[in-house]
Q: 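Below are the structure tokens for one structure; questions will follow.
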Amino acid sequence: MEQTGGDPVLLGQALGRQWAPGTQLIRMDVSDPLMFNPRIPNASMSGAGPLFAPGGLTSGGVPEIVTDQLPWFQVWATPVIPAR
């Protein structure tokens with residue numbers, strides 16, 4: 001977030017996703033994701049798109065994991081407001 005200023009295009013590049021300017025993004029935070037069976041994602045998972053990079057880093061070099069389903073009380077959402 002600091003490096004991109006919340007810009008959806010720059011965030012998309014960092015996270016290996018394609019987002020257009022003006023797209024409303026929501027940041028999802030998890031209290032302790034390592035409690036929920038963390039693992040390295042693979043190309044067969046439903047969220048893997050054309051920019052998927054194997055090995056635990058997005059194509060933009062950001063570390064990523066997948067977990068089992070999270071309980072609602074461990075997760076909170078914050079709208080991303082790009083810096084102007």
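Computed from heavy atoms alone, side chains included, the values below leave out hydrogens, waters and symmetry copies.
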Q: Give the cluster check for L15 versus M28: same hydrophobic cluster or not, with ILVMFWY residues linked at side-chain heavy-atom distances below 4.5 Å.
A: no
Q: For A14, is there any backbone N or O sitting under 3.5 Å from a side-chain donor or acceptor partner on T58?
A: yes
Q: Can you check side-chain contact (heavy atoms from CB on, under 4.5 Å) on V80 and M1, steps first, answer last?
A: CA-CA 9 Å; V80 174; M1 294 298 298; 3.4 Å; yes
Q: Could you see if F73 belongs to whatever hydrophobic cluster contains L70? Use Ile, Leu, Val, Met, Phe, Trp, Tyr and a side-chain cutoff under 4.5 Å.
A: no
Q: Could you check whether any side-chain heavy atom of V66 comes within less than 4.5 Å of a side-chain heavy atom of M45, counting everything from C-beta outward?
A: yes
Q: So, for G49 and R17, which heavy atoms are closest and what is the spacing to 0.1 Å?
A: N-NH1, 4.1 Å
Q: Count the heavy atoms belonging to other residues, nucleotides or ligands that lie under 6.0 Å from CD of Q3, then report whether that count exceeds 12.
A: no
Q: With a 4.5 Å heavy-atom cut-off, do E64 and V62 have their side chains touching?
A: no
Q: How close do P41 and F52 get, heavy atom to heavy atom, and via which atoms?
A: O-CZ, 3.6 Å
Q: Which heavy atom of G6 sits nearest a heavy atom of P82, and at what distance?
A: O-CG, 3.5 Å
Q: Within this structure, what is the CG-OG1 distance for the pair D29 and T78, rounded to the nearest 0.5 Å?
A: 5.5 Å
Q: Do R27 and L25 have side chains that approach each other closer than 4.5 Å (heavy atoms only, starting at C-beta)?
A: no
Q: So for atom CD, which belongs to Q74, do other residues, nucleotides or ligands contribute more than 12 heavy atoms lying within a distance under 6.0 Å?
A: yes
Q: Search all heavy atoms of A43 against all heavy atoms of A48 and return the closest pair with its distance.
A: O-CB, 3.5 Å
Q: Identify the two heavy atoms, one from W19 and one from P8, that lie closest to each other, and give their separation to 0.1 Å.
A: CB-O, 3.5 Å
Q: Rounded to the nearest 0.5 Å, how far apart are CZ of R39 and OG1 of T67?
A: 7.0 Å
Q: To the nearest 0.5 angstrom, please state how far the CG atom of D68 sits from the CG atom of N37.
A: 4.0 Å
Q: How far apart are the closest heavy atoms of S31 and W76, and which atoms are they?
A: OG-CZ3, 3.4 Å
